[in-house]
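Here's the structure we're looking at; comments come further down.
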Amino acid sequence: MAVLDLYNTLTKRIEEFKPNEDRKVRMYTCGPTVYHFAHIGNLRSYIMEDVLEKYLIYLGYDVTRVMNITDVGHLTSDADTGEDKMLKGAKREHKTVMEIAEFYKKAFFDDCARLNIKIPGIVEPATNCIPGFIHMIEALLDKGYAYEAGGNVYFDTSKLKNYYVLSSQNEEELQVGVRDDVEEDINKKNKTDFVLWFTKSKFDEQELKWESPWGAGYPGWHIECSCISIKHLGEYLDIHCGGVDNIFPHHTNEIAQSEAYLGHKWCNYWFHVQHLNNQSGKMSKSKGGFLTIPLLEEKGYNPLVYRMFCLQSHYRKPLLFSFDVLDNVKTAYEKLLNKIESLGSGGTLMEQEIEEYKEQFNSAMGSDLNTSQALTVLYDVLKSGLNDASKRYLIEDFDKVLSLGLLEGNTSSKEISKELAVLAEKLIEERNQARKNKDFARADAIREELAAKGIEIKDTREGTVWSLAR
RNA sequence: GGCGACUUAGCCAAGUGGUAAGGCAUGGGACUGCAACUCCCUGAGCAACGGUUCAAAUCCGUUAGUCGCCUCCA
């Protein structure tokens, strides 16, 4: 099995990945909060996490991956005043919070499907796990890691030896309420303490409430990930993923809760994806420039162009989004598909050479998921002296991880009705006859007629070929 | 203010001690009725300064810039 080196936020260095159990990987991903459309910045994380999972599978690991869906905790608490248009719109339509959650959950999975993101094997909405949260909070209270104050239950971060394992923050220098819309909670014993269970909050209109030993209320923002992970993946987690903005406090708090609850180290590798930025910084709903996959499609971009845009960069580098760059990638993607499409299927597999290119691919992916380098290996294969069958084989193999739909661009007659195919052949013949007779007006008219039916033609040296327009 | 990441050609980007991969764009050319496609040719000395070394984009230090986090955030 090839070696996979990964940067680990916990140790701040690149380490060889070794799971707790041989050939098995237990992986957890912080899922979306489904009260908004995901923007393409959010989706960068999910794309790179998808690449990680697929590469682990490619290496032969048996991967169990869990993702939560945050559908409770702050559904009506968006403090960014006036920015939550989607929710407001939904409210205007008299939808319930659960209906909104359903709607955006579906939208998220639609986006994933368009980006060839594999849905994790286990997807768990937080609202499915309320008894589990309550159980865990009770255990934390019993062990003395939590306390009740002002009607809420808080985690006591001062009870931990090293609360800051992940983020190396400095207690004295931490500022409370850096953002103006955050108010200091006077119930907390320590400024880093966080809520495990709310019965009282500034958001009186909270729609979803559950009975608990501390009164009717709802869970805090961090408990769900710890609890859902332990529920499905047990006490020892191999990889935990998320965006860099989750390092502190979300993941720091997850570690605090989980390890306090379990009494031992919980997760060995922390995988964090950097942000997608635009001119004004991190792409976010409150700053405008909120781009979604459906919007890109409307503008004529195949979502996989965006996937390639992400793969061309490295997951630990901030990536600046612009349409200029996306256009570059679009051209590159189309050229790539054209080249692949023009491959025949001749020859027998050249096994030795194939192994060499696979090694190059593994060497790239194994170096902290160097997807940009992996794409270069793909280009190298196309330029190589391998026969077409071998090239196809390798492209198909790499695409198990890259998932760029590299071989789907090939026109296969099964997607096209027979009649259309016959018609196309007939018109092309007619057009070529017209070209021979220098009747170019007629030839161009036929080309347009075919284009109207969604068929593109190219006059190559070997003759006219046609394909479905992409 | 603290913590963290990043800084290579017009743009994206590889590179982990021996004198800079690849992609897109640009310009030139071949092909072509035109278009598209395809093919060939075309560029930087690595943020700055200092240090270690026979040798540094690569190691160390300092500075600068960009971005993120510091209880909604991927």
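Residue numbering restarts at 1 for every chain, and letters A, B, ... go by the order of the sequence lines. All of these numbers come straight from a predicted model, not from anything done at the bench.
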TODO: Identify the nucleotide, in any strand shown, that forms a Watson-Crick or G-U wobble pair with B/C3, with both distances under 3.5 Å; if there is none, say none.
DONE: B/G68

Task: N/O donor-acceptor pair under 3.5 Å between A/Asn68 side chain and A/Glu124 backbone - done: no

Task: P spacing across the pair B/A9 / B/A48, given as an integer number of angstrom - done: 10 Å

Task: Assigned partner base of B/U26, Watson-Crick or wobble definition, under 3.5 Å - done: none

Open item on the list: Would A/Lys189 pass as a cation-pi partner of A/Tyr154, given that its NZ or CZ must be under 6.0 Å from the six-membered ring centre and within 45 degrees of the axis?
Closed with: no

Task: Any A/Lys383 side-chain N or O less than 4.0 Å from OP1/OP2 of B/G23 - done: yes

- [ ] Have a look at A/Arg431 and say if it touches a base, only the backbone sugar-phosphate, or nothing, with a 4.0 Å heavy-atom cut-off.
- [x] base

Open item on the list: Measure CZ/A/Phe309 against C1'/B/A13 and give the value in whole Å, please.
Closed with: 12 Å

Open item on the list: A quick test of your reading: do over 12 heavy atoms of other residues, nucleotides or ligands sit less than 6.0 Å from CD of A/Glu430?
Closed with: yes

TODO: Rounded off to whole Å, could you give me the CG-to-C1' distance for the A/Asp327 and B/U26 pair?
DONE: 16 Å

Task: Inter-nucleotide C1' distance (B/C12, B/C6), Å rounded - done: 15 Å

Open item on the list: Looking at A/Thr331, I'd like to know whether one of its side-chain N or O atoms comes within less than 4.0 Å of OP1 or OP2 on B/C24.
Closed with: no

Task: From B/G23, B/A14, B/A5, nucleotide with atom closest to A/Gln312 side chain - done: B/G23

Open item on the list: Taking atom types as they are modelled, would you say the side chain of A/Thr376 forms a donor-acceptor pair with the base of B/A21 within the 3.5 Å cutoff?
Closed with: yes

- [ ] Can you tell me, in whole Å, how much space there is between the C1' of B/C69 and that of B/U63?
- [x] 24 Å

Task: Rounded distance (Å) that lies between atom P of B/G68 and atom CG of A/Asn278 - done: 9 Å

TODO: Once you apply the 3.5 Å cut-off to both distances, tell me the Watson-Crick or G-U wobble partner of B/U16, or none.
DONE: none

Task: P-based separation of B/A64 from B/C49 [nearest Å] - done: 15 Å

TODO: Take A/His314 and A/Arg435, find for each the nucleotide of RNA chain B with the closest heavy atom, and name the residue whose nucleotide sits nearer the 5' end.
DONE: A/His314

Open item on the list: Rounding to an integer number of angstrom, what distance separates B/A57 and B/U8 when you compare their P atoms?
Closed with: 15 Å

- [ ] Verify the contact: side-chain N or O of A/Tyr333 to OP1 or OP2 of B/C24, cut-off strictly under 4.0 Å; return yes or no.
- [x] no

Open item on the list: Taking the minimum atom-to-atom distance to the side chain of A/Ser313, which one of B/A13, B/U38, B/C34 wins?
Closed with: B/A13

Task: Audit row: A/Asp71, A/Lys105, salt bridge (charged side-chain N to carboxylate O under 4.0 Å, His left out) steps and yes/no - done: CA-CA 9 Å; A/Asp71 55 1; A/Lys105 191 165 101 186; over 6 Å; no

Open item on the list: Among A/Phe271, A/Tyr269, A/Tyr7, which residue satisfies the ring pair (Phe, Tyr, Trp, His ring centres under 6.0 Å) criterion with A/Phe17?
Closed with: A/Tyr269

Open item on the list: In whole Å, I'd like the distance from the NZ atom of A/Lys317 to the P atom of B/G68.
Closed with: 18 Å

TODO: Looking only at side-chain atoms of A/Asp444, point me to the closest of B/A5, B/G33, B/G68.
DONE: B/G33

TODO: Using the P atom as the reference point in each nucleotide, state the distance between B/G17 and B/A56 in Å, no decimals.
DONE: 14 Å

Open item on the list: Does B/G45 count as syn, meaning its glycosidic angle lies within 90° of 0, or as anti?
Closed with: syn

- [ ] Give one of base, sugar-phosphate or nothing for A/Asp193, where a contact means two heavy atoms less than 4.0 Å apart.
- [x] base

- [ ] Could you walk me through whether A/Trp466 and A/Glu425 pass the side chain to side chain donor-acceptor pair (under 3.5 Å) test, one step at a time?
- [x] CA-CA 9 Å; A/Trp466 61 278; A/Glu425 297 291 345; 2.9 Å; yes

Open item on the list: Under 4.0 Å from OP1 or OP2 of B/A35: is there any side-chain N or O of A/Arg447 that close?
Closed with: no

Open item on the list: Can you measure A/Phe248 atom CZ to B/G2 atom C1' for me and round it to whole angstrom units?
Closed with: 11 Å

Open item on the list: Between A/Arg392 and A/Gly344 (side chain of the first, backbone of the second, donor and acceptor by atom type, cut-off under 3.5 Å), is there such a pair?
Closed with: yes

Task: Spacing of the C1' atoms in B/G68 and B/U16 (rounded, Å) - done: 25 Å

TODO: Check every strand shown and say whether A/Val325 touches a base, only sugar-phosphate, or nothing at a heavy-atom separation below 4.0 Å.
DONE: sugar-phosphate

TODO: Could you tell me whether A/Leu276 contacts a base, only the sugar-phosphate backbone, or nothing, with contacts defined as non-hydrogen atoms closer than 4.0 Å?
DONE: base

- [ ] Using whole Å, report how far CG of A/Leu375 lies from C1' of B/C12.
- [x] 11 Å

Open item on the list: Tell me if a side-chain donor or acceptor on A/Asn8 pairs with a main-chain N or O of A/Leu10 at a distance below 3.5 Å.
Closed with: yes

Task: Opposite nucleotide pairing with B/A47, Watson-Crick or G-U, both atom distances under 3.5 Å - done: B/U63

- [ ] Report yes if some heavy atom in the side chain of A/Asp193 is under 4.5 Å from a heavy atom in the side chain of A/Phe155; otherwise report no.
- [x] no

TODO: Report which part of the nucleic acid A/Lys339 touches: base, sugar-phosphate, or nothing (heavy-atom distance under 4.0 Å, all strands).
DONE: sugar-phosphate

Task: Candidate nucleotides B/A5, B/G10, B/G22, ranked by approach to the side chain of A/Asn328 - the nearest - done: B/G10

- [ ] With heavy atoms under 4.0 Å as the rule, sort A/Phe155 into base, sugar-phosphate or nothing.
- [x] nothing

Open item on the list: Distance check needed: B/G22 P versus A/Leu402 CG, whole Å only.
Closed with: 19 Å

TODO: Decide yes or no, distance alone: a donor-acceptor N/O pair under 3.5 angstrom between the base of B/C34 and the side-chain of A/Asp459.
DONE: yes

Open item on the list: Over all strands shown, is A/Phe440 touching base, sugar-phosphate only, or nothing at heavy-atom distances under 4.0 angstrom?
Closed with: base

Open item on the list: Taking B/U7 as the reference, what is the distance to B/C31 when you measure between their P atoms (whole Å, please)?
Closed with: 44 Å

TODO: Have a look at A/Gly242 and say if it touches a base, only the backbone sugar-phosphate, or nothing, with a 4.0 Å heavy-atom cut-off.
DONE: sugar-phosphate

Open item on the list: If you assign each of A/Pro249 and A/Pro32 to its closest nucleotide in RNA chain B, which residue comes earlier from the 5' end?
Closed with: A/Pro249

Task: Rounded distance (Å) that lies between atom P of B/U66 and atom CG of A/Asn277 - done: 13 Å

Open item on the list: Is A/Lys335 close enough to B/A25 that one of its side-chain N or O atoms is under 4.0 Å from OP1 or OP2 there?
Closed with: yes

Open item on the list: Using Watson-Crick or G-U wobble geometry with both distances under 3.5 Å, which nucleotide pairs with B/U32?
Closed with: none

